[in-house]
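Note on naming: letters A, B, ... go to the chains in the order of the sequence lines (proteins, then strands), and numbering restarts at 1 for each one. Everything numeric in this text was worked out from a predicted model, so none of it was measured.
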Protein chains: 2
Amino acid sequence: MKNKVSYEFLKNILVKKNLKVTHQRLLILSLIRQFGHLDIDELYAKITVDYPYISLATIYKNISTMLENGILNEVKIGGAKTKYELSTNSHAHFICIQCKKIEDLDINVDCVLDNFNKGSVASVNVLIYGTCNACQPKISKKLS
Amino acid sequence: MKNKVSYEFLKNILVKKNLKVTHQRLLILSLIRQFGHLDIDELYAKITVDYPYISLATIYKNISTMLENGILNEVKIGGAKTKYELSTNSHAHFICIQCKKIEDLDINVDCVLDNFNKGSVASVNVLIYGTCNACQPKISKKLS
DNA sequence: CTTCATGCAAAAAATTTGCATTTTG
DNA sequence: CAAAATGCAAATTTTTTGCATGAAG
């Protein structure tokens, strides 16, 4: 844990859901918070740097309970492993098909619901695939 | 194959991509077309009714090549196995969180791209989760 | 008759489970 | 202390691969 503030913040997330505060859970949360979106393997690789003896089973179990408790949110992307992020109200993502980076988007997605009449809506999930500005030059070069 | 028309239609999809027309591939395509969205297991279960000796490996290989060729499209849904559908221009889906049914939506999703400036866009994928009209009564009953 | 697809069995990868031990509140 | 979480190993499930055989163009 880097500092007291982040420790308290992450700890509270768990306490609010009546989940015990363990070193492993704090590591998982802190890495997901730091990197935004991680899949199980990325998480395992990063955790073991600081904490070499965590069990993969523990990560699976914790991801699962945190999903059930709404602490985490899963982001399923075409052609990649499912990523996990801290739950927020926004669920729009931009995925660069070149570098695979994922960016959170703070856009209003409710416009897609105009004239929607198939039922009541719980949430809207938007994935935009494309080429990010950083990768744009690489592509242009390939084509020329 | 039900009839000549559907046979020709599905066959053409394969021919256009220089893929050999096999009984197995036609079955896969015809079931996906009939049911709209199927995951590997559903596909396997339905195929083996008509054609008991297909290998699961064949299904995996074919789904994979058809994805590469753009014939199929994968729909990754929260809390469920990835489903496959015939590729179309629209990529908006409504998923009922009660009965898990998936409906294709013919809505305009480009409105989410207003003011979008993170890069060039290749495709937009929209998932709307909620309760379909058919399941609405069941829910109201539970609450009362 | 050449190329590609299939099916099998085996291998590899991903995920889940049971249980003894440890940690948290 | 009691309840819950961890870690390990084993079990299960999911997906991939190699290769001999068979079918398609």
Side-chain angles (χ1 to χ4, degrees), chain A residues 1 7-8 10-31 38-69 71-72 74-84, chain B residues 1 7-8 10-31 38-69 71-72 74-84:
Chain A
M1 292 323 93
Y7 172 80
E8 285 300 328
L10 298 176
K11 182 180 163 180
N12 266 329
I13 293 177
L14 295 167
V15 169
K16 265 187 275 180
K17 299 290 181 177
N18 293 311
L19 295 175
K20 290 189 171 169
V21 178
T22 66
H23 191 187
Q24 291 87 336
R25 284 178 176 164
L26 290 173
L27 271 169
I28 291 171
L29 286 173
S30 110
L31 287 168
L38 294 174
D39 64 37
I40 297 276
D41 290 345
E42 292 166 339
L43 204 43
Y44 184 65
K46 288 183 190 304
I47 287 180
T48 48
V49 171
D50 290 343
Y51 193 83
Y53 303 119
I54 196 173
S55 164
L56 242 190
T58 301
I59 297 184
Y60 275 106
K61 285 172 188 164
N62 277 323
I63 291 289
S64 169
T65 57
M66 291 186 196
L67 281 175
E68 284 163 19
N69 281 279
I71 293 174
L72 297 180
E74 57 181 357
V75 186
K76 296 192 148 203
I77 309 169
K81 296 195 69 175
T82 302
K83 311 259 180 186
Y84 302 92
Chain B
M1 293 322 97
Y7 172 79
E8 285 300 328
L10 298 175
K11 182 179 163 180
N12 266 330
I13 293 177
L14 295 168
V15 169
K16 267 189 274 182
K17 300 289 183 179
N18 293 312
L19 295 175
K20 290 188 173 169
V21 178
T22 66
H23 191 188
Q24 290 86 337
R25 285 178 176 164
L26 290 173
L27 271 168
I28 291 172
L29 288 172
S30 108
L31 286 167
L38 293 174
D39 64 37
I40 297 278
D41 290 344
E42 292 166 338
L43 204 44
Y44 184 66
K46 288 184 191 301
I47 287 181
T48 47
V49 171
D50 290 343
Y51 192 84
Y53 301 120
I54 195 172
S55 164
L56 241 190
T58 300
I59 297 184
Y60 274 106
K61 284 172 188 165
N62 277 323
I63 291 290
S64 170
T65 58
M66 292 187 197
L67 282 174
E68 284 164 18
N69 282 279
I71 293 173
L72 297 180
E74 56 181 358
V75 186
K76 297 193 146 201
I77 309 169
K81 297 194 69 175
T82 302
K83 310 260 181 186
Y84 302 92

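One finds no side-chain N or O of A/Lys17 lying less than 4.0 angstrom from the OP1 or OP2 phosphate oxygen of D/dA4. Look at B/Gln24 and you'll find a side-chain N or O under 4.0 angstrom from OP1 or OP2 of C/dG7. At the phosphate of C/dT6, OP1 or OP2 sits under 4.0 Å from a side-chain N or O atom of B/Asn62. Not one side-chain nitrogen or oxygen of A/Ser55 sits closer than 4.0 Å to the OP1 or OP2 atom of D/dC8.
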I'd like a table of donor-acceptor pairs (distance under 3.5 Å, sequence neighbours excluded) in which one partner is a side-chain atom from residues 61-68 of chain B, with atom names and distances.
from	atom 1	to	atom 2	distance (Å)
B/Asn62	OD1	B/Arg25	NE	2.7
B/Asn62	OD1	B/Arg25	NH2	3.3
B/Asn62	ND2	B/Thr58	O	3.3
B/Thr65	OG1	B/Lys61	O	3.4
B/Thr65	OG1	B/Asn62	O	3.1

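Here the P atom of nucleotide D/dT15 and the CG atom of B/Leu67 are 12 Å apart, to the nearest Å. Distance, A/Leu29 CG to D/dA5 P: 13 Å, rounded to whole Å. Computed from coordinates, the B/Asp39 CG to D/dT13 P distance equals 16 Å when rounded to whole Å. One interatomic measurement links the two molecules: CG of A/Leu27 to P of D/dG7, which rounds to 10 Å at whole-angstrom precision. If you measure from atom CG of B/Leu43 to atom P of D/dT15, you get 12 Å, rounded to the nearest angstrom. Note: CG (A/Asp41) to C1' (C/dT15) measures 11 Å, nearest angstrom. Rounded to a whole Å, the OH atom of B/Tyr53 is 17 Å from the P atom of D/dG22.
At the heavy-atom level, A/Ile40 lies nowhere under 4.0 Å from the strands shown. Here A/Tyr51 lies in heavy-atom contact (under 4.0 Å) with sugar-phosphate atoms only.
Formation of a donor-acceptor pair under 3.5 Å by the A/Lys76 side chain with backbone atoms of A/Thr82 is not found in this model.
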| In the 5'-to-3' direction, what one-character label does each nucleotide of nucleotides 20-25 of chain C receive under the scheme B = base within less than 4.0 Å of a protein heavy atom, S = sugar-phosphate only, - = no such atom? | ----BS
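Remark: B/Tyr51 pairs with B/His23, B/Gln24, B/Leu27, B/Ile47, B/Ile54 by the side chain to side chain contact (heavy atoms under 4.5 Å, CB included) rule, at least two apart or across chains.
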Please enumerate all protein N or O atoms sitting under 3.5 Å from an N or O of nucleotides 16-18 of chain C, with distances to 0.1 Å.
from	atom 1	to	atom 2	distance (Å)
C/dG18	O6	A/Lys61	NZ	3.1

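Residues B/Tyr84 and B/Val75 are not in side-chain contact: their nearest non-hydrogen atoms beyond the backbone lie 4.5 Å or more apart.
Listed by first and then second residue, the salt bridge (Lys or Arg N to Asp or Glu O under 4.0 Å) pairs that reach into residues 41-51 of chain A are A/Asp41-A/Lys81, A/Glu42-A/Lys83, sequence neighbours excluded.
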| message | Is there a side chain to side chain contact (heavy atoms under 4.5 Å, CB included) between A/Leu14 and A/Thr22? Walk through the geometry before answering. | response | CA-CA 9 Å; A/Leu14 295 167; A/Thr22 66; over 6 Å; no
| query | Between A/Ile59 and A/Ile40, does a side chain to side chain contact (heavy atoms under 4.5 Å, CB included) hold up when you go through it step by step? | reply | CA-CA 7 Å; A/Ile59 297 184; A/Ile40 297 276; 4.3 Å; yes
| field | CA sep, side-chain torsions, deciding dist, call: B/Leu31, B/Leu29, side chain to side chain contact (heavy atoms under 4.5 Å, CB included) | value | CA-CA 5 Å; B/Leu31 286 167; B/Leu29 288 172; over 6 Å; no
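Each end of the helix from C/dC1-D/dG25 to C/dG25-D/dC1 gets its own axis, taken as the rotation carrying the C1' atoms of four end pairs onto the next four within a five-pair window, and the two axes meet at 50° to the nearest 10 degrees.
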